[in-house]
Trainee: 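Please read through the structure below; I'll follow up with questions.
Just follow the structure's listing: the first ligand is 1, and inside any ligand the first atom is 1. The figures that follow rest on heavy atoms only: side chains count, while hydrogens, waters and symmetry mates do not.
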Amino acid sequence: MEYLAGIDDTDSAEGMCTTYLAYYIISKARNFRVKPFPRLVRLNPNIPFKTRGNASVCLDIVTDDPDKTFDELCGYVKELSDISHGANTGLVFVSKERVSHEFGEIYSRALRGVVNHRKIRKFLERKNIQHFTTGNGMGLVGASAAVGLDSEDITYELIAYRKRENWGKPRLIETNSVVEMDRSTFPFTFNNFDYEKGRVLIAPHGPDPVLFGIRGETPEILLKAFKMVKVQEPIDGYVIYISNQHTDAHLKYKIEKKSFSSGWIDGRVKNIKRITGGHIIIELDGTSFPAAVYSPTGDLLRIASSLMEGDKLRLYGGMRKPSKNHPMVLNVEKIQVLALKDKIYSNPLCPKCMHRMKSEGTGKGFECKKCGLKRKRKTLTKIERKLVPGIYLPSPRAHRHLTKPYARYINVGVFQQHEVGGAWFYKDQGQEKLQLPYQI
Ligand code: ATP
């Protein structure tokens, strides 16, 4: 019998990590088998109650004894959840046949809004679906969403784990080997190295058990990349996850004007200004909230600084909660330039006096107040723009786990493992038009 086990909120800021629990379960399982590939599911990156990257996991389980399996899973969760530091763990265990469309809806809502965990608990109880919680059980949201993962577009991540005795110690990863790995596997792996800052991006910095994670299009390319990375400590083991990371899944829909929601808005630039700290505030016509592009976004800030009033944009991001001093703001994660203003109409310049003519009223033309010369129409001036329409992203160091990197726009397709028999097939995604950012 096949079951899905969604798990979330096992960790705290003090350490641990939900994916490590998945790794632990996979390596310890007694009464069941975990099929490749476990899911690593990222949810709304703009919610306040995440510890780090708002990750949950889901294991694809084969078992002859579901009750024994559920008990065993609960045992692992109790053993490894950081309950004393506030982990509100949720485990959802459901037979694959019973995964209804409601799970898909929970996934979709948990990606772009805030989901009430009490309602999820009620839903599971009503449907008589086995679940287990610690603390307030908020983890049931992520656990159910992971079960409902529904994504056309997928990526993979290979996560290597550290031996317990090394947790908390500095990670000794040879920088050159990461650069080499990046160069020989790009664009099929991505976000490995920040060339601007000379920084390795595959390793986290916290006390958690992850040594490094490499993200890419196929399990094969990840294995190739993994073999190229040189580290100065023994690796405990690794898991390849299937994931919605780097697919922009949270930015699919038009945004709701609600705190912490994610999505996009369209409009023409009505006003654009730079504020203290170098951040840029954009106001779009027809929108009741401003959008902010913050300086740590690097490349995105450079693009925003060359936008003009009248440019047509689609801005992607998440809604920041209003406070005493700030209104609700869209924190921008990606800019799509749809059309650029390339001409300006202005009152004509008098060729004799070089004075700007005055309008005589709507449809009545213009007159030079000095010499009386008249002109019928405004002057059209072409503006030279360096910017071109296209998609613009922050510098890689400012990417979120869900950010779709440039490498993935360039790829024409991704490989996916066929559900039956483990065969490989090629999935054509069509070629998206992309303009890489120009250098300013
Ligand atoms: P890590 O990345 O280290 O695994 P995390 O950032 O995933 O940590 P968690 O400790 O899992 O953080 O906490 C996130 C909590 O928020 C979980 O309880 C999860 O169920 C819940 N959650 C996730 N997305 C939503 C959402 N959209 N609405 C409401 N709750 C959510």
Trainee: Using a strict 4.0 Å cut-off to heavy atoms of G142, name the atoms of ligand 1 that fall inside it.
Mentor: 19 (C), 20 (O)
Trainee: Please work out which of L21, V115, L111 has its closest non-hydrogen atom nearest to atom 28 (N) of ligand 1.
Mentor: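 Nearest heavy atom to atom 28 (N) of ligand 1 lies in V115.
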Trainee: If you measure every N or O of R109 against every N or O of ligand 1, does any of those distances drop under 3.5 Å?
Mentor: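 For ligand 1, there is no N or O atom that lies under 3.5 Å from one belonging to R109.
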Trainee: With nothing but distance in play, are any N or O atoms of N54 less than 3.5 Å from an N or O of ligand 1?
Mentor: yes
Trainee: Is any N or O atom of V114, backbone or side chain, closer than 3.5 Å to an N or O atom of ligand 1?
Mentor: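 No.
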Trainee: With a 6.0 Å cut-off on ring centres, are F123 and F103 close enough?
Mentor: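 They qualify: ring centres under 6.0 Å apart.
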Trainee: Using distance alone, determine whether A110 and ligand 1 share an N or O pair under 3.5 Å.
Mentor: yes
Trainee: Is there any N or O on L43 that sits under 3.5 Å from an N or O of ligand 1?
Mentor: no
Trainee: Parallel, tilted or perpendicular: which fits the ring planes of Y23 and Y161, with parallel below 30° and perpendicular above 60°?
Mentor: parallel
Trainee: Regarding atom 31 (C) of ligand 1: of the candidates I120, I47, N44, which has the closest heavy atom?
Mentor: I47
Trainee: Hey, would you say the Y238 and F226 ring centroids sit under 6.0 Å apart?
Mentor: yes
Trainee: At a 4.0 Å cut-off, with the gap strictly under it, does some heavy atom of G139 reach an atom of ligand 1?
Mentor: yes
Trainee: Considering only heavy atoms of A55, which atoms of ligand 1 have at least one such atom less than 4.0 Å away?
Mentor: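 Answer for ligand 1: 2 (O), 4 (O), 5 (P), 7 (O), 11 (O).
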Trainee: Verify whether the ring centers belonging to F186 and F188 lie closer than 6.0 Å.
Mentor: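 When the ring centroids of F186 and F188 are compared, they turn out to be at least 6.0 Å apart.
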Trainee: Assess whether a salt bridge exists between D248 and R408, defined as any Lys/Arg side-chain N lying under 4.0 Å from an Asp/Glu carboxylate O.
Mentor: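 No, this pair does not count.
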Trainee: With sequence neighbours left out, what residues match Y3 under ring pair (Phe, Tyr, Trp, His ring centres under 6.0 Å)?
Mentor: F93
Trainee: Taking distance alone, with no angle check, do L140 and ligand 1 share an N/O pair under 3.5 Å?
Mentor: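 Between L140 and ligand 1, no N or O pair is found under 3.5 Å apart.
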Trainee: Q336 and Y316: side-chain donor and acceptor closer than 3.5 Å?
Mentor: yes
Trainee: Do G113 and ligand 1 have an N or O pair less than 3.5 Å apart?
Mentor: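 Yes: some nitrogen or oxygen of G113 is under 3.5 Å from one in ligand 1.
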Trainee: Quick check: does D9 get an N/O under 3.5 Å from an N/O on ligand 1?
Mentor: yes
Trainee: Hey, does M138 come in under 3.5 Å of ligand 1, counting only N/O atoms on both sides?
Mentor: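 Among all N and O atoms of M138, at least one is under 3.5 Å from an N or O of ligand 1.
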Trainee: Report the residue from R112, K404, R400, E333 that forms a side-chain contact (heavy atoms from CB on, under 4.5 Å) with L251.
Mentor: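 In the set R112, K404, R400, E333, the residue that makes a side-chain contact (heavy atoms from CB on, under 4.5 Å) with L251 is E333.
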Trainee: Looking at W264, is R314 sitting on its ring face, NZ or CZ under 6.0 Å from the six-membered ring centre and within 45 degrees of the normal?
Mentor: yes
